[in-house]
Amino acid sequence: MDTYDNLKQGERGAWVSIIAYIILSAFKITMGYLTGSEALSADGINNTTDIIVSLAVLIGLRISRKPPDHDHPYGHMRAETIASMVASFIMFAAGIQVLIQSGQSFFEDKGQAPDMIAAWIALICAACMWFVYLYNSRLARKINNQSLMAAAYDNRSDALVSIGAAVGIFGARLGMPILDAIAAFAVGIVICKTAWDIFYEATHALTDGFDEEKLTMFRETVGDTPGVKGIKDIKARVHGSSVLLDVVVEVAAELSVEQSHDISDEIERRMNKKHQIENVHVHIEPYSGSC
């Protein structure tokens, strides 16, 4: 399966999130009003903002599928990473909102406790969103998709928000309304931490940062290729879901152009087979006796 097929599969995960958020947000807002639960209604309103996150991911995946053109010779894969960054901004804003609201609730007088059914609704919705998280996270790992993983983390955060809402409702029914504020504040911290992790990973990729441990593994694979006498330089960068690898290797000076080319082809084949890297640029130089 090639990169563009993977991106098409990623769109399926984004659509699952969008449909789940539309259904759950409408259900929570309606039931929150009927049961008198502000926590459940707020959770539903929070889900409406998550629709925007999923739409941003979907748009990023769609743009990433566009083939290379005259001013995008490497394709449009980085739109996926930009979508992850947009998702992190929206998640961070939602987390700050939760923190502010939970902080204010510490000093507010609590009214009548909501109906207990609101807590069970929140738990059922949390379970539904957790299944969406498991689906998207597994799919994201399978196709190595950064923006879909960001959407999955958002799904997980929303499941935690619903659990926090349920805890608050149970607390209010048991005469401990402070549990609502404590649970909401903890959930807000989790959302902000998740947003920061996504933002950091996206900016690291956009500034051509790369995992040194992975680069060491790539070096070992190239160095073990028959005919390679030394490696003068090796660099890699993330391009959406793909990795672009540039390597300068030394081979015996007496080899013909055809023989050197065969070594280059073997490096590309090994990198694709062992590390699923399809974009490898190999530069051949004569072996100088030192690296």
Side-chain angles (χ1 to χ4, degrees), residues 1-22 49-93 132-133 135-155 194-195 197-211 214-215 218 235-247 265 267-269 271-283:
M1 182 178 297
D2 61 24
T3 302
Y4 292 98
D5 289 332
N6 287 341
L7 291 171
K8 192 171 183 178
Q9 281 201 43
E11 289 183 21
R12 187 189 311 160
W15 275 115
V16 169
S17 291
I18 291 171
I19 293 171
Y21 282 134
I22 290 174
T49 65
D50 297 314
I51 297 173
I52 301 174
V53 173
S54 297
L55 283 173
V57 171
L58 179 62
I59 293 171
L61 290 169
R62 283 284 176 89
I63 296 174
S64 295
R65 286 178 57 196
K66 293 176 63 177
D69 52 36
H70 69 282
D71 58 350
H72 293 86
Y74 288 101
H76 300 75
M77 299 292 185
R78 282 194 169 175
E80 178 189 330
T81 309
I82 295 172
S84 297
M85 182 175 290
V86 171
S88 73
F89 291 152
I90 299 173
M91 288 177 64
F92 192 75
V132 175
Y133 158 67
Y135 173 81
N136 279 338
S137 61
R138 288 171 182 169
L139 179 59
R141 291 188 183 95
K142 177 183 176 182
I143 65 177
N144 189 31
N145 192 285
Q146 185 182 28
S147 61
L148 184 59
M149 184 58 76
Y153 287 149
D154 188 37
N155 301 149
T194 302
D197 291 340
I198 295 172
F199 173 79
Y200 178 81
E201 186 175 348
T203 53
H204 190 247
L206 288 173
T207 54
D208 286 338
F210 199 79
D211 189 333
K214 287 185 179 180
L215 198 60
F218 298 165
K235 292 179 289 190
R237 52 189 169 129
V238 177
H239 191 63
S241 300
S242 303
V243 173
L244 306 180
L245 182 69
D246 295 289
V247 58
D265 284 345
I267 291 173
E268 294 175 6
R269 188 193 67 80
M271 295 305 300
N272 192 355
K273 181 179 180 181
K274 189 170 182 179
H275 305 289
Q276 293 75 53
I277 298 178
E278 300 176 0
N279 301 285
V280 182
H281 179 260
V282 183
H283 178 74

Leu58 vs Glu11 side-chain heavy atoms within contact, under 4.5 Å | yes
What are the two closest heavy atoms between Asn136 and Gly13, and how far apart are they?
-> OD1-CA, 3.1 Å
Taking C-beta and beyond as the side chain, do His281 and Leu245 meet within less than 4.5 Å on heavy atoms?
-> no
Check: Ser54 side chain, Ile51 main-chain N or O, donor-acceptor pair, under 3.5 Å = no
Mind checking whether Val53 and Tyr21 have side chains closer than 4.5 Å, heavy atoms only?
-> no
Could you name each residue pair satisfying salt bridge (Lys or Arg N to Asp or Glu O under 4.0 Å) that touches residues 237-246, not counting sequence neighbours?
-> none
Residue pairs passing the salt bridge (Lys or Arg N to Asp or Glu O under 4.0 Å) test with at least one member in residues 74-85, sequence neighbours excluded, are Arg78-Asp208
Enter the distance from Ile52:CD1 to Ile59:CD1 here, rounded to the nearest 0.5 Å.
-> 10.5 Å
Are any of the side-chain heavy atoms of Ser17 and Asp50 separated by less than 4.5 Å?
-> no
Check the pair Asp197, Glu201 against side chain to side chain contact (heavy atoms under 4.5 Å, CB included), reporting the backbone distance first and the verdict last.
-> CA-CA 6 Å; Asp197 291 340; Glu201 186 175 348; over 6 Å; no
Are any non-hydrogen side-chain atoms of Arg138 and Tyr133 less than 4.5 angstrom apart?
-> no
Approximate separation, where rounding is to 0.5 Å, of Phe199 CZ and Met91 CE | 13.5 Å
How far does NE2 of His76 sit from CG of Leu61, to the nearest 0.5 angstrom?
-> 14.5 Å
Whether Phe218 and Phe210 hold their rings parallel, tilted or perpendicular, with breakpoints at 30° and 60° = tilted
What's the shortest heavy-atom distance between Gly60 and Ala83, and which atoms?
-> CA-CB, 3.9 Å
Tell me, please, which residues at least two apart from Glu268 pass salt bridge (charged side-chain N to carboxylate O under 4.0 Å, His left out).
-> none
Please answer whether the main-chain N or O of His72 pairs with a side-chain N or O of Asp69 as donor and acceptor at a distance below 3.5 Å.
-> yes
